[in-house]
Amino acid sequence: LAQNLPTPDKTGRRGSVWLLPELAAKERPAAAARRLWRASYWLLFARVACPRPVALRLHAGRGLVFAERLSHPSLAAELAAGALTPTQLVLAASALGTSVGRLHAHGLGNRDLKLENLVRTDRGQVAMVDLDGVRRRPTLDCRGRGADLGRLLAAFKAAGEPGGPAT
């Protein structure tokens, strides 16, 4: 399935990941690849920032999902390096709050909400780049929403509360 791709950048229990100059590719079991592909479109419909899906290839029970690769480092890496000004921190926090609000308003949740899976875009948004944890439920079903927010709060506290508690 991935015979024309170079050596994977990451290999884990669920599959491999390739970070190409313009694309990111994830290899997963076929069902997981389909879920990942659908999650991209759910987020786009909800207007939650995420990499644009490019292609899905299924073969022999495995799948490859290709998506746009965002050029910025993760939010965790930027915070660790002290690369964000106070204004950028406030804008990122606001953009992330808007995205999480839209995510939940559309009945979506993301159990992988952590700073390592968030990337600032050139347009000032904060994109969710690891979509393996995105799930959809009826919009009135609020289970898991507090857990999503709790994970973000824990990541924020672990990063030393950049910008202070008001952020």
Review point. Checking side chain to side chain contact (heavy atoms under 4.5 Å, CB included) for the pair Asp132/Arg28: CA distance, chi angles, key distance, verdict?
Key: CA-CA 10 Å; Asp132 286 312; Arg28 297 286 186 260; 2.9 Å; yes
Review point. Heavy-atom distance under 4.5 Å between the side chains of Arg111 and Arg135, does that happen here?
Key: yes
Review point. Does Val90 offer a backbone N or O that forms a donor-acceptor pair with the side chain of Ser94 under 3.5 Å?
Key: no
Review point. Under 3.5 Å, is there a donor-acceptor pair between the side chain of Asp9 and the main chain of Leu19?
Key: yes
Revision key, fill the gap. What one should report as the nearest heavy-atom pair of Ala24 and Arg69 is N-CB, 4.0 Å
Practice item. Measure the shortest side-chain to side-chain distance between Val126 and Thr121 over non-hydrogen atoms and say whether it is less than 4.5 angstrom. Key: no
Exercise for review: Kindly indicate whether the side chain of His104, heavy atoms from C-beta on, has any atom under 4.5 Å from the side chain of Leu149.
Suggested key: yes
Practice item. State, to 0.1 Å, how close Leu43 and Cys50 come at their nearest heavy-atom pair, and which atoms those are. Key: CB-SG, 3.8 Å
Review point. Are any non-hydrogen side-chain atoms of Ser40 and Leu131 less than 4.5 angstrom apart?
Key: yes
Point to revise | Gly109 backbone acceptor or donor facing Asp148 side chain under 3.5 Å | key: no
Check your understanding: So Glu27 and Arg62, side chain to side chain contact (heavy atoms under 4.5 Å, CB included) or not? Walk me through it.
Key -> CA-CA 7 Å; Glu27 178 191 26; Arg62 300 295 292 171; 3.6 Å; yes
Point to revise | Donor-acceptor contact below 3.5 Å, side chain Arg57 vs main chain Leu64 | key: no
Review point. Do Val134 and Leu36 have side-chain heavy atoms sitting under 4.5 Å apart?
Key: no
Check your understanding: Would you find a donor on one side and an acceptor on the other, under 3.5 Å apart, between the side chain of Trp42 and the backbone of Arg136?
Key -> no
Check your understanding: Which pair of non-hydrogen atoms, one from Met128 and one from Ser99, has the smallest distance, and what is that distance?
Key -> CE-CB, 4.4 Å
**Study point:** Value rounded to 0.5 Å, distance of CG in Leu89 from CG in Leu84
**Key:** 5.0 Å
Exercise for review: Dump the intermediate steps for side chain to side chain contact (heavy atoms under 4.5 Å, CB included) on Val119 and Leu75, then the final yes or no.
Suggested key: CA-CA 5 Å; Val119 174; Leu75 197 52; over 6 Å; no
Practice item. Check the pair Leu118 / Val129 against side chain to side chain contact (heavy atoms under 4.5 Å, CB included), numbers first and verdict last. Key: CA-CA 6 Å; Leu118 301 171; Val129 295; over 6 Å; no
Review point. Which atom pair, heavy atoms only, marks the closest approach of Ala33 to Val65?
Key: O-CG2, 3.5 Å
